[in-house]
Amino acid sequence: MNVLHISVKAPAKINLTLDVLAKRPDGYHEVEMVMTTVDLADRVDLTLRADQDIRLECSASFVPDDSRNHAYKAAMILQERFNVEKGVSIYIDKQIPVSAGLAGGSSDGAATLRGLNKLWNLGLSLDQLALIGEEIGSDVPFCVYGGTALARGRGERLTPLVTPPSCWVVMAKPPIGVSTADVYGNLAVDQIQKHPSTNEMVRAIETQDFSMMCRSLGNVLEEVTLQRYPQVRQIKELMLSSGADGVLMSGSGPTVYALLQKEAKVHRIYNALRGFVKDVYVARLLGGAEVKVLA
Ligand code: ATP
């Protein structure tokens with residue numbers, strides 16, 4: 001039976017660590033980071049079209065609806081590369097805040113790759129989809145697999161890790177848009193004050209040691225973003241004083257998240273933050289390689 005419609009879940013990612021090792025001759029940065037998924041997700045609906053058009057609509061009107069959109073780009077690449085004679089209508093139900101350090105756009109691109117693989121009967125493996133994802137953006141390969149991984153290179157060289165100890169994640173995004181390119185551009189790689197211990201984070205995850213995981217959180221991009229946006233620092237401090245077990249900025253920011261094991265603390269932190277910033281999200285750490293495509 002031919003499938004005509006597919007809905008795909010596109011979860012947000014958070015960085016448990018983000019380290020920058022060097023600036024490369026090609027202009028990119030050599031990174032080392034541990035990433036995991038949370039159950040705050042966009043939904044990507046894909047409907048088969050008889051013509052060859054690619055059409056995109058998003059519930060957030062300010063998100064581009066053309067080839068600048070990672071989901072649109074994913075469809076374009078697959079259609080061209082595999083001579084697909086069908087088109088697709090893409091609808092993105094946006095729940096992940098945009099330009100927030102949560103890789104919403106990358107996750108939409110990855111979800112579109114996974115969904116179209118089914119809708120257009122391409123028969124590609126996840127590894128093949130991840131390779132195509134590299135052409136869209138450095139975080140797309142991770143989003144293709146989901147789960148938890150150590151990422152190196154530009155972020156595309158992945159080593160899968162086991163699911164971290166489960167916990168609550170409270171995310172707060174101050175009302176500022178942060179450009180990833182800008183933050184990397186303002187990072188003096190040879191003057192980084194404190195590199196996170198990626199090895200310790202990997203060990204904490206492997207041994208399911210939640211306290212060690214919280215102690216090992218680290219992101220060198222905080223040095224740039226916290227200095228430029230005092231609000232981000234204030235959110236971190238508020239989370240810590242409200243009893244968070246661990247706190248970190250995700251990606252290039254500005255979203256800051258708190259990890260918590262006890263549900264009772266989640267309400268306390270949520271309420272403390274809501275008085276200060278409008279966009280607060282409560283989610284569970286997903287962290288397991290669950291890739292969902294619903295026909
Ligand atoms: P990352 O953590 O990967 O740097 P981010 O969370 O900081 O990502 P995104 O929300 O992915 O940022 O969006 C960054 C930019 O990408 C925005 O300027 C937006 O216009 C563009 N973009 C492309 N496709 C999408 C999409 N499907 N959803 C949201 N933004 C998108």
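This chain uses plain numbering: 1 for the first residue, then up along the sequence. One-based numbering, in listed order, for ligands and for the atoms of each.
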Answer side chain, backbone, both or neither: which part of [X] comes under 4.0 Å from ligand 1, heavy atoms only.
X: Val63; value: side chain
X: Pro64; value: side chain
X: Lys94; value: side chain
X: Ala103; value: both

**Prompt:** Judged by non-hydrogen atoms, does Ala71 sit under 4.0 Å from ligand 1?
**Reply:** no
**Message:** Contact between ligand 1 and Lys73 is defined here as a heavy atom of the residue under 4.0 Å from a ligand atom; is it met?
**Reply:** no
So which protein heavy atom does [atom] come closest to, and at what separation?
atom: atom 23 (C) of ligand 1; answer: Arg68 O, 3.3 Å
atom: atom 16 (O) of ligand 1; answer: His70 NE2, 4.4 Å
atom: atom 15 (C) of ligand 1; answer: Ser99 OG, 4.1 Å
atom: atom 30 (N) of ligand 1; answer: Val98 CG1, 3.9 Å
atom: atom 4 (O) of ligand 1; answer: Thr180 OG1, 3.1 Å

**Request:** Report the C-alpha distance between Asp45 and Ser7 in whole Å, list the side-chain angles of each, state the deciding distance to 0.1 Å, and finish with yes or no for side chain to side chain donor-acceptor pair (under 3.5 Å).
**Result:** CA-CA 4 Å; Asp45 296 333; Ser7 287; 2.7 Å; yes
**Message:** Checking Asp279 against Thr255 for the side-chain contact (heavy atoms from CB on, under 4.5 Å) test, could you report, in this order, the C-alpha distance in whole Å, the side-chain angles of both residues, the deciding distance, and whether it holds?
**Reply:** CA-CA 9 Å; Asp279 293 334; Thr255 303; over 6 Å; no
Which atoms of ligand 1 are found less than 4.0 Å from any heavy atom of [X]?
X: Asp139; answer: 1 (P), 2 (O), 3 (O)
X: Gly104; answer: 6 (O), 11 (O)
X: Leu102; answer: 2 (O), 6 (O)

Using a strict threshold of under 4.0 Å (side-chain N to carboxylate O), is an ion pair present between [Y] and [X]?
X: Lys262; Y: Asp245; value: no
X: Glu30; Y: Lys23; value: no
X: Asp51; Y: Lys86; value: no
X: Asp42; Y: Lys94; value: yes

Would [X] count as being in polar contact with ligand 1, using the rule that some N or O on each side must be under 3.5 angstrom apart?
X: Asp108; value: yes
X: Gly105; value: yes
X: Gly101; value: yes

**Asked** Would one find more than 12 heavy atoms of other residues, nucleotides or ligands at under 6.0 Å from atom CD of Glu57?
**Response** no
**Request:** Identify which one of Val20, Thr17, Val220 satisfies the side chain to side chain contact (heavy atoms under 4.5 Å, CB included) criterion when paired with His195.
**Result:** Val220
**Request:** Go through the steps to decide whether Leu102 and Lys13 satisfy the test side-chain contact (heavy atoms from CB on, under 4.5 Å), and finish with yes or no.
**Result:** CA-CA 5 Å; Leu102 299 172; Lys13 68 93 200 175; 6.0 Å; no
**Asked** If you look only at pairs with a residue in residues 170-192, which of them pass as a side chain to side chain donor-acceptor pair (under 3.5 Å), with sequence neighbours excluded?
**Response** Thr180-Ser252, Asp182-Arg228
**Message:** I'd like to check atom 25 (C) of ligand 1 in this structure: does the protein have a heavy atom lying under 4.0 Å from it?
**Reply:** yes
**Request:** Taking Glu156 for its side chain and Gly153 for its backbone only, find out whether a donor-acceptor pair lies under 3.5 Å.
**Result:** no
